[in-house]
Each structure stands twice: as C-alpha cells, then as structure tokens.
Amino acid sequence: MSGCTLCPRRCGVDRSKRTGFCGMGVMPKVARAALHFWEEPCISGRNGSGTVFFSGCTLRCAYCQNHEISHLGQGKEITVQRLADIFKMLRDQGAHNINLVTATPFVPAVLDALSLFHPGIPIVWNSGGYETVDTLKMLQGAVDIYLPDLKHVSPRLSALCAQAPDYFDMASAAIQEMCRQTGPAVYDEAGMVRRGVIVRHLILPGCTADSCRVLDFIAEKLPPGTPVSLMRQYTPEPWCAIPGLDRRITDKEYARVLDHFQALGLQGYIQEKESADGAYTPAFDGTGV
Ligand code: SF4
C-alpha cells in the first residue's frame with residue numbers, strides 16, 4: 001500500500017508496515033456488526049439499521065462516547081470477504097440499510113466488499129465529517145446516504161478536542177461534496193430515507209456560540225431543505241480532560257441553539273430531553289463480527 005492520504009491527516013504512511021494517526025492497518029477492523037435502533041427514525045426505522053462499527057478514527061475526539069474503538073482500537077481484523085458476508089448477514093436480518101460507522105481508513109476494502117456482494121439496500125456513510133473530497137469521489141455511486149457530523153467551526157475548539165484545527169475547512173467542503181453527490185433527500189412511502197445527506201450536530205457544553213455558527217453554515221451554504229439532526233445527548237466521559245466539557249448541556253443552552261435552528265428555518269430531527277437522558281452506546285464486544 002502506498003502512503004495513505006485517505007483522510008485530511010494525510011499521514012503518508014504505508015499502512016501495511018506501520019500505522020498513521022488512525023492507528024489502523026490495511027485490513028478492515030470491526031468491533032460490532034448488528035441491527036441498531038438508536039439512529040434517526042428515518043435510518044433505524046422499525047427493523048433497525050445494519051450497523052458496522054469500524055475500529056480506529058481519523059479524529060479521535062477527546063469526548064468520544066465510542067472511546068474503546070476510536071481511541072483504543074478494540075475490534076477484530078477481518079477479510080474483505082468476511083465484510084461482504086457481514087453485509088449479507090445484516091440484510092438477511094431485515095436491516096433497512098447498511099450503516100458504515102467511521103469507515104474512512106477502510107474505503108478500498110469497503111468498495112471491494114460491495115463489489116463482492118451488494119445487499120440491495122441503501123449504503124450509509126456515517127462519519128465525523130473529516131473527509132477529503134478526493135476520497136469522497138471514490139465513494140460516489142457506492143454510497144446512497146451520507147450521515148456526517150459537523151462538530152465545530154472554531155479552529156481552536158477543533159484543535160483542543162480533536163487535534164484538527166482544519167476540521168471545519170475540511171468538513172464543510174466534504175459535506176458540500178456529499179450534497180453534490182446525492183442531491184436532495186429522498187424518502188420511501190414508509191418515511192425511510194433512501195438517498196441524501198443528513199447533517200448531525202452535537203451541542204457541547206459552553207459552546208452554544210459555535211453551535212450557532214455551525215447552523216449558520218448549514219443554512220447559508222448547503223442546499224435548502226438539507227435535514228439536520230440536532231443532538232443534545234452530550235455526556236461527560238471520564239477520559240475527557242478538557243476544561244468545561246465535564247458536564248451535560250443545560251436546558252438554557254439547548255433552548256438557545258434550538259431557537260437559532262428554528263429562526264434559520266432549518267428542518268430535520270430534534271432530540272427530546274428524555275431520549276438524550278437515555279443515550280445509548282452499544283457493547284463493542286465483537287457481536288456479529
Ligand atoms: S486514514 Fe489513517 S493513516 Fe490514512 S491519512 Fe487518515 S489517519 Fe492517516
């Protein structure tokens with residue numbers, strides 16, 4: 001494998017010999033493959049989303065709830081054939097879609113697996129938004145639904161949380177490319193999304209001004225009607241040492257961002273407080289791998 005430039009870190013390392021920032025080798029590494037019911041209703045539906053949680057991450061946010069896989073790299077290395085078999089297994093279990101979570105380091109393997117077996121249901125690319133346009137172009141035609149985060153605008157906040165001061169520059173360009181590829185969101189008669197981009201934003205404590213800047217970008221630069229999923233379930237984790245991120249958001253902080261969301265005329269998904277309190281992280285125990 002030549003030097004890896006799959007994500008904006010552009011480590012340039014030969015991952016068959018050593019790892020870059022994401023900590024991953026060439027073979028896909030997966031921590032869980034199972035039906036998942038805690039995505040947006042148009043993704044999870046009644047049957048669940050066939051979710052493949054890949055290990056490693058190109059961002060490794062300090063506050064990540066999936067710390068075991070994103071930071072510690074827990075999971076099992078599998079072959080491309082096994083990945084294709086997992087797609088079939090999830091389809092046969094009744095999944096509405098195949099939901100690939102933080103698969104950026106494994107783009108070539110994902111494309112090879114889909115050429116071995118296409119499950120005939122939408123393919124969802126679920127990522128932190130830290131992508132290059134070149135890598136996204138490799139996915140054009142293979143991915144039906146993009147589910148990116150847009151986390152922060154401030155370079156200082158992105159540097160502090162994810163060692164990525166260029167996060168917004170990269171993610172904003174990436175999400176515009178995603179919108180270009182898919183066009184407007186398309187839903188079936190049951191309300192399940194079949195194609196499109198849904199942008200997620202998690203409100204961080206003490207960072208409502210930055211959240212409003214994220215929403216401003218969406219309103220000003222993305223196609224009108226792009227669905228936005230506004231999430232309030234931020235949970236302080238013991239491994240996060242960033243000052244100020246040691247608490248949940250307050251009702252007042254949420255109301256401020258929600259008011260801005262509504263004033264901008266954005267559409268999409270707004271998380272109720274009750275569901276935020278029950279925020280769910282699955283067990284990364286190798287289920288289905
Ligand atoms: S995918 Fe991993 S090795 Fe490749 S550029 Fe990104 S962080 Fe570096």
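When a residue number appears, it is its place in the shown sequence, counting from 1. In each ligand, atom 1 is the first atom listed, and ligand 1 is the first ligand listed. Side-chain atoms are counted along with the backbone in the values below, which use heavy atoms only and exclude waters and symmetry mates.
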Original post:
Can you list the other members of the hydrophobic cluster that holds I145, where links are side-chain heavy atoms under 4.5 angstrom apart?
Top reply: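 For the cluster that includes I145, the remaining residues are I43, V124, L147, Y187, V193, I198, Y269.
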
Subject >> Members besides V133 in its Ile/Leu/Val/Met/Phe/Trp/Tyr cluster (side-chain heavy atoms under 4.5 Å) >> reply: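 V133 clusters with nothing; isolated.
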
Subject >> For atom 8 (Fe) of ligand 1, every protein N/O/S atom that sits closer than 2.8 Å, waters excluded >> reply: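 Within the sphere that stays under 2.8 Å of atom 8 (Fe) of ligand 1, the protein atoms of type N, O or S are C11 SG.
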
Original post:
Does the H201 side chain pair with the main chain of L150, one donor and one acceptor, at a distance under 3.5 Å?
Top reply: yes

Subject >> D149 (side chain) donor-acceptor with G129 (main chain) under 3.5 angstrom >> reply: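 Between the backbone of G129 and the side chain of D149 there is no qualifying donor-acceptor contact (under 3.5 Å).
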
Subject >> Ring-face cation contact, Y234 with R248, 6.0 Å cut, 45° max >> reply: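 Geometry flag: not set, cation outside 6.0 Å or 45°.
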
Original post:
Which residues satisfy the salt bridge (Lys or Arg N to Asp or Glu O under 4.0 Å) test with E253, sequence neighbours excluded?
Top reply: R247

